[in-house]
Trainee: 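Take a look at this one; I'll ask things after.
Bear in mind the structure is a predicted one, so any value in this text is a computation, not a measurement. Note that ligands are numbered from 1 as they come in the structure, with each ligand's atoms numbered from 1 the same way. Along the sequence shown, residues are numbered consecutively beginning with 1.
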Amino acid sequence: MLNGKKIIIGITGGIAAYKSAVLVRLLVKEGAEVKVIMTKTAKEFITPLTMATLSKNPIMVDFYDPENGDWNSHVEMGLWADAMLIAPATANTIGKMANAIADNLLVTTYLSSKCPVFIAPAMDRDMYAHPANRKNLNTLQAYGNIIIEPASGELASGLEGKGRMEEPENIVNKIKEYFNTKAILKGLRFLVTAGPTYEKLDPVRFIGNYSSGKMGFAIAEDLASKGADVILISGPTHLDKYSENIELIRVNTAEEMFKACMSFYPACTGAIMSAAVADFKPSSTSSNKVKSNTNLQIELKPTKDIAAELGKIKQKQQYLVGFALETDDEQNNAIKKLKKKNLDFIVLNSLKDEGAGFNTDTNKITIIDKNSNENKYDLKPKRLVAIDIVNKLLETMKI
Ligand code: CTP
């Protein structure tokens, strides 16, 4: 139930706006208090009278009423809401939200809001797939907004493909699910490692890898969205955290990551080790730039296996999750790592799978737990993979 939840619905100008009527009716039926903001073009698709009647509140379109000067305060609205839902969200509004183009009441309210924001895109197949739109959606998602992916099927244009706004019942279920799980990890603290490590050769060079950090950041955000306090220890990435529940600690080397993990893990309920830690570092670091005309040989020595070290100090009531990035004999290698590092489960990704592993926005994983249960998941965006991993953690913790 959404009893007493205050929800703003932003309706933008797309044919799917007719579904917003059902959406509002369902939310009101669930006990929510709904206020509707429409863009000017949305009014061409569905009437304000319909939406006002269903939401039991006057519709807001402009910053003020030209008849009497009544002011619609976007700041007050943004603070009033427990959740905001933009449905349908056109490519135009998505672009404005991602770039803070605040030329209407809907976008200014979005920018002033402090609550979770759900975005249900609806547009033609090729518009949805366009890199500019993908980039805007990725930006919004990185800011912590929840994208409700459109469904595939016949589109208003006659084309077949992805772009149809998700059905109102499913959108309402997603919002209910959010509020049900919001506080599920409240009071618990988790450690997450992310990104690569850089092992210094000289003042300008390092040994590193292609890890982007996206998987670990997505896991941290999902844990935080479920109420957990998260210590995110990340190697060098260009990413930033969004949730206030995340404390981001930036490190460079495997040694720095090791020290940070060892100091935080004892006070944590669990750790998810998604960093691609360098296995070797140069035996010595030159304080001067190594000249390119020398016949350079680099001697390496192993770094500490952070996951294995945490596995050694892990207590009965603590959890430890690792990753395995493999190229061959994947299952066996993953099971060996699971045992060696004393993990509760391991997330296996194979570089043989297209779209999996490093430096992509997607991942394809198999989870193997210590009871040898094996679950294969489809290729999906990393933020959805993060949800699968956190759900497996909840199952392991019997929550
Ligand atoms: N890991 C770690 N510290 C290291 C190396 C790895 O914490 N020095 C963690 C990774 O974060 C991951 C898991 O151990 O959760 C497995 O990492 P992976 O690189 O796949 O395995 P390695 O143990 O390094 O073994 P190999 O490189 O030989 O496959």
Trainee: When you check the gap from the basic side-chain N to the acidic O, do E326 and K336 get nearer than 4.0 Å?
Mentor: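 No, no charged N to carboxylate O under 4.0 Å.
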
Trainee: Please check if the number of heavy atoms outside Q317 that lie under 6.0 Å from its CD is greater than 12.
Mentor: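 More than 12 within 6.0 Å, yes.
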
Trainee: Looking at E169, I want to see if its CD is surrounded by more than 12 non-hydrogen atoms of other residues, nucleotides or ligands under 6.0 Å.
Mentor: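 Atom CD in E169 is crowded, with more than 12 foreign heavy atoms closer than 6.0 Å.
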
Trainee: To the nearest 0.1 Å, how far is atom 4 (C) of ligand 1 from its closest protein heavy atom, and which atom is that?
Mentor: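 Ranked first by proximity to atom 4 (C) of ligand 1 is V277 CB, 3.5 Å.
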
Trainee: Is the shortest heavy-atom distance from the side chain of K19 to the side chain of P88 under 4.5 Å?
Mentor: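 When only atoms from C-beta onward are counted, P88 and K19 do not touch, as no gap falls below 4.5 Å.
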
Trainee: At a non-hydrogen distance cut-off of under 4.0 Å, which region of K337 contacts ligand 1 (side chain, backbone, both, or neither)?
Mentor: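 Within the 4.0 Å criterion, K337 contacts ligand 1 through side-chain atoms alone.
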
Trainee: For the pair S234 (side chain) and G195 (backbone), establish whether a donor and an acceptor sit closer than 3.5 Å, ignoring hydrogens and angles.
Mentor: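 Here the side-chain-to-backbone pair does not exist.
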
Trainee: Quick one: does any side-chain atom of S286 pair with a main-chain N or O of K289 as donor and acceptor, under 3.5 Å?
Mentor: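 No, S286 side chain to K289 backbone: no donor-acceptor pair under 3.5 Å.
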
Trainee: Kindly indicate whether atom 28 (O) of ligand 1 is approached by any protein heavy atom to under 4.0 angstrom.
Mentor: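 Neighbour list for atom 28 (O) of ligand 1 is empty of protein heavy atoms (cut-off 4.0 Å).
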
Trainee: Against heavy atoms of K304, which atoms of ligand 1 measure under 4.0 Å?
Mentor: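 Answer for ligand 1: 3 (N), 4 (C), 8 (N).
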
Trainee: So is there a nitrogen or oxygen of A276 less than 3.5 Å from a nitrogen or oxygen in ligand 1?
Mentor: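 A276 vs ligand 1: no N/O contact under 3.5 Å.
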
Trainee: Please confirm whether the backbone N or O of T90 pairs with a side-chain atom of T93, one donor and one acceptor, at under 3.5 Å?
Mentor: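 It does not hold such a pair.
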
Trainee: Please report which non-hydrogen protein atom sits nearest to atom 6 (C) of ligand 1, along with the residue it belongs to and the distance in Å to one decimal place.
Mentor: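 Looking only at protein heavy atoms, the one closest to atom 6 (C) of ligand 1 is K341 NZ, 3.7 Å.
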
Trainee: Would you please test D202 and K291 for salt bridge (charged side-chain N to carboxylate O under 4.0 Å, His left out) and show each step?
Mentor: CA-CA 10 Å; D202 72 11; K291 285 292 164 204; over 6 Å; no

Trainee: Checking contacts here: is it the side chain or the backbone of D305 that comes within 4.0 Å of ligand 1, counting heavy atoms only? Could be both or neither.
Mentor: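 Both backbone and side chain of D305 come within 4.0 Å of ligand 1.
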
Trainee: If you have a sec, work out which protein heavy atom is nearest atom 3 (N) of ligand 1 and how many Å separate them, to one decimal?
Mentor: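 Looking at atom 3 (N) of ligand 1, the protein heavy atom closest to it is I306 N, 3.0 Å.
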
Trainee: Does A254 come within less than 4.0 Å of ligand 1, judged by its heavy atoms?
Mentor: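 The answer is no: ligand 1 sits nowhere under 4.0 Å from a heavy atom of A254.
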
Trainee: For ligand 1, which part of D279 has a heavy atom less than 4.0 Å away: the side chain, the backbone, both, or neither?
Mentor: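 Just the side chain.
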
Trainee: Do me a favour and list the nearest non-hydrogen protein atom to atom 16 (C) of ligand 1 with residue, atom name and distance?
Mentor: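 Closest protein heavy atom to atom 16 (C) of ligand 1: F323 O, 2.8 Å.
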
Trainee: W71 vs Y64 aromatic rings, parallel, tilted or perpendicular, using cut-offs 30° and 60°?
Mentor: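 W71 vs Y64 ring planes: parallel.
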
Trainee: Please identify which atoms of ligand 1 are closer than 4.0 Å to at least one heavy atom of L325.
Mentor: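 Counting from 1, the qualifying ligand atoms are 20 (O).
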
Trainee: Under a 4.0 Å threshold between the charged nitrogen and the carboxylate oxygen, would E299 count as salt-bridged to K301?
Mentor: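 Salt bridge absent between K301 and E299.
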
Trainee: So which heavy atom in the protein is nearest atom 7 (O) of ligand 1, and how far is it from that ligand atom?
Mentor: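 Result: A307 N, 2.8 Å.
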
Trainee: I'd like the name of whichever of P302, G322, A275 reaches closest to atom 11 (O) of ligand 1 through any heavy atom.
Mentor: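 Checking each option, the heavy atom nearest atom 11 (O) of ligand 1 is found in A275.
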
Trainee: Using a 4.0 Å cut-off to any heavy atom of T303, which atoms of ligand 1 qualify?
Mentor: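 It comes down to these atoms of ligand 1: 8 (N).
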
